[in-house]
Protein chains: 2
Amino acid sequence: MVIPGEQALAERGLRLTPQRMMILEAIEARDDHFSAEEIYAQVRQRYSHMNLSTVYRTLEILEQAGLVTQTDLGDGRVRYHWTEKSRHHHLICQGCGQVIDLEECLLAPLKETLRRDYGFSANIAHVTIFGRCAKCHEV
Amino acid sequence: MVIPGEQALAERGLRLTPQRMMILEAIEARDDHFSAEEIYAQVRQRYSHMNLSTVYRTLEILEQAGLVTQTDLGDGRVRYHWTEKSRHHHLICQGCGQVIDLEECLLAPLKETLRRDYGFSANIAHVTIFGRCAKCHEV
DNA sequence: GTCTATCTGCAAATGACTTGCATTCACTAA
DNA sequence: TTAGTGAATGCAAGTCATTTGCAGATAGAC
Ligand SMILES: [Mn+2]
Ligand SMILES: [Mn+2]
Ligand SMILES: [Zn+2]
Ligand SMILES: [Zn+2]
């Protein structure tokens, strides 16, 4: 069983520990935006000795490798997303909580402007923008 | 002595306490991006009984009133800025730490797109975008 | 002046995340 | 195969900005 994440770890000279393999398996089974705590709980169902610190440390590595991206969905914890599953951004209404998904390309013009005018390579792979949706706008 | 902030408080039916007046005075004397702790320290030089919780609670109120805007400059605490002093955004290089200031209008096209295509009124008054500056790009 | 909901002060709590350190173990080179 | 070794894990404790519960104080209304 070859998991894409395992190859990425090997390429970077990182060790393929059972813990990392279990975390990778858990993450790749998900399509949503997970927190460290959620992955911890998920893996613990099959391996009750999983450690939360290890999850945090592994997620940090995966993020550096570009396998997952972070975003702040406004609930006070970092949420991750498996990069290859879909590239997108979010709008979140501070009135009703509605979450609108945006295509990746929506931020392309901004990214291009920053690169052209400032030589700045913006790290905006997975952004959440807060505001008010049409329904909640009048409030 | 009439401080603009005081009027805004009155208009919202909020009380004009000595603590709030001192915090307003401290904030309006600043042109930079201050944290709650910094305002606390500043006010305490003249009124040693100032309380940190009061500062946090006051800043929350001022933010709701639109008198200050928040941003995350990447140092693990919320930083505020007196709205009327200048409207801008930031680029921060994760390589060398350089901070580039952006004119407010740089995000206008994005804001307009979100409003037109999604009916979404984005709350992006004071944004910090992380990435790599031209010098640090090759790394 | 009186009244009362709002504010403040204080101390304790929160909670996501980090860290120090001893132990274990995945890789590598012989 | 087998040591050898630096990297990774487990655990418990720490961090620290921010929040909160509550009792007492007070701004503003009448
Ligand atoms: Mn997402
Ligand atoms: Mn700013
Ligand atoms: Zn809404
Ligand atoms: Zn740089």
Side-chain angles (χ1 to χ4, degrees), chain A residues 1-3 5-26 33-44 46-65 67-68 70-80 128, chain B residues 2-3 5-26 33-44 46-65 68 70-80 128:
Chain A
M1 172 174 53
V2 175
I3 289 185
E6 295 188 357
Q7 194 187 343
L9 289 183
E11 283 170 2
R12 300 177 154 251
L14 296 165
R15 293 190 180 167
L16 233 50
T17 66
Q19 291 87 343
R20 287 178 177 174
M21 283 161 55
M22 288 185 281
I23 292 170
L24 278 171
E25 238 181 284
H33 298 79
F34 48 84
S35 66
E37 190 76 41
E38 286 169 0
I39 294 301
Y40 171 62
Q42 184 176 339
V43 172
R44 242 158 78 103
R46 316 186 80 237
Y47 174 60
S48 64
H49 289 66
M50 177 56 62
N51 182 275
L52 184 55
S53 295
T54 301
V55 175
Y56 274 108
R57 290 190 274 230
T58 300
L59 286 172
E60 187 185 359
I61 280 172
L62 297 179
E63 208 256 328
Q64 285 165 7
L67 294 174
V68 299
Q70 315 189 350
T71 201
D72 165 25
L73 258 28
D75 65 345
R77 76 200 61 192
V78 174
R79 293 204 164 266
Y80 298 86
T128 299
Chain B
V2 176
I3 289 185
E6 295 187 357
Q7 194 185 343
L9 288 182
E11 283 170 1
R12 301 178 153 249
L14 296 165
R15 293 188 181 166
L16 231 51
T17 65
Q19 290 85 343
R20 286 178 178 175
M21 284 162 52
M22 287 185 281
I23 292 170
L24 277 170
E25 238 180 284
H33 298 81
F34 49 85
S35 66
E37 187 78 37
E38 286 169 0
I39 293 302
Y40 172 61
Q42 184 174 338
V43 173
R44 240 157 80 104
R46 316 186 80 238
Y47 173 61
S48 63
H49 289 64
M50 177 56 62
N51 182 276
L52 184 54
S53 295
T54 301
V55 175
Y56 273 106
R57 291 190 274 229
T58 301
L59 285 173
E60 187 185 359
I61 281 172
L62 296 179
E63 208 255 328
Q64 284 165 9
V68 299
Q70 315 188 350
T71 200
D72 164 26
L73 257 28
D75 66 346
R77 75 198 62 190
V78 174
R79 294 204 164 264
Y80 298 87
T128 299

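Chain letters run A, B, ... following the sequence lines, proteins first, then strands; residues in each count from 1.
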The reported gap from CG in A:Leu67 to CG in A:Leu24 (rounded to nearest 0.5 angstrom) is 7.5 Å

Taken to the nearest 0.5 Å, the spacing of A:Ile39 CD1 from A:Phe34 CZ works out to 5.0 Å

On DNA chain D, more 5' by nearest nucleotide between B:Glu37 and A:Gly13 is A:Gly13

Within residues 57-64 of chain A, those residues having any heavy atom closer than 4.0 Å to DNA chain D are A:Arg57

Heavy atoms of A:Asn51 and A:Tyr40 approach each other most closely as C-CE1, 3.8 Å

Here the salt bridge (Lys or Arg N to Asp or Glu O under 4.0 Å) pairs for residues 34-44 of chain A, sequence neighbours left out, are A:Arg30-A:Glu38, A:Glu38-A:Arg79

DNA chain D: first to last nucleotide in contact with chain A (atom under 4.0 angstrom from a heavy atom), 5' to 3', is D:dG6 to D:dA12

Between B:Leu52 and B:Ala36 the two heavy atoms that sit nearest each other are CD1-O, 4.2 Å

Nearest heavy-atom contact between A:Ala26 and A:Gln42 is O-NE2, 3.4 Å

Atom CE of B:Met22 and atom P of C:dC7 are separated, to the nearest Å, by 16 Å

Using a 3.5 Å cut-off and no angle test, enumerate the donor-acceptor pairs between side-chain atoms of residues 53-65 of chain B and protein atoms at least two apart in sequence or in another chain.
| from | atom 1 | to | atom 2 | distance (Å) |
| --- | --- | --- | --- | --- |
| B:Thr58 | OG1 | B:Thr54 | O | 2.8 |

Rounded to whole Å, CG of B:Leu9 lies from C1' of C:dC7 at a distance of 12 Å

| query | Which is true for A:Ser53 with a 4.0 Å heavy-atom rule: it touches a base, it touches only sugar-phosphate, or it touches nothing? | reply | base

Stems in DNA chain C, runs of 3 or more consecutive Watson-Crick or G-U wobble pairs with both distances under 3.5 Å, sorted by first number, are C:1-30 with D:1-30

Rounded to whole Å, CG of A:Asn51 lies from C1' of C:dT18 at a distance of 12 Å

Once base and sugar-phosphate atoms are separated, protein heavy atoms under 4.0 Å mark nucleotides 23-30 of chain C, 5' to 3', with B, S and - as --BBS---

| Test log, rule side chain to side chain contact (heavy atoms under 4.5 Å, CB included), inputs A:Thr128 and A:Leu73 | CA-CA 6 Å; A:Thr128 299; A:Leu73 258 28; 3.3 Å; yes

Which donor-acceptor pairs under 3.5 Å do side chains of residues 10-22 of chain B form with protein atoms, sequence neighbours excluded?
| from | atom 1 | to | atom 2 | distance (Å) |
| --- | --- | --- | --- | --- |
| B:Glu11 | OE2 | B:Gln7 | NE2 | 3.3 |
| B:Thr17 | OG1 | B:Arg20 | N | 3.1 |
| B:Arg20 | NH1 | B:Arg15 | O | 3.0 |

From CG of A:Leu52 across to P of C:dT18 the rounded distance in Å is 10 Å

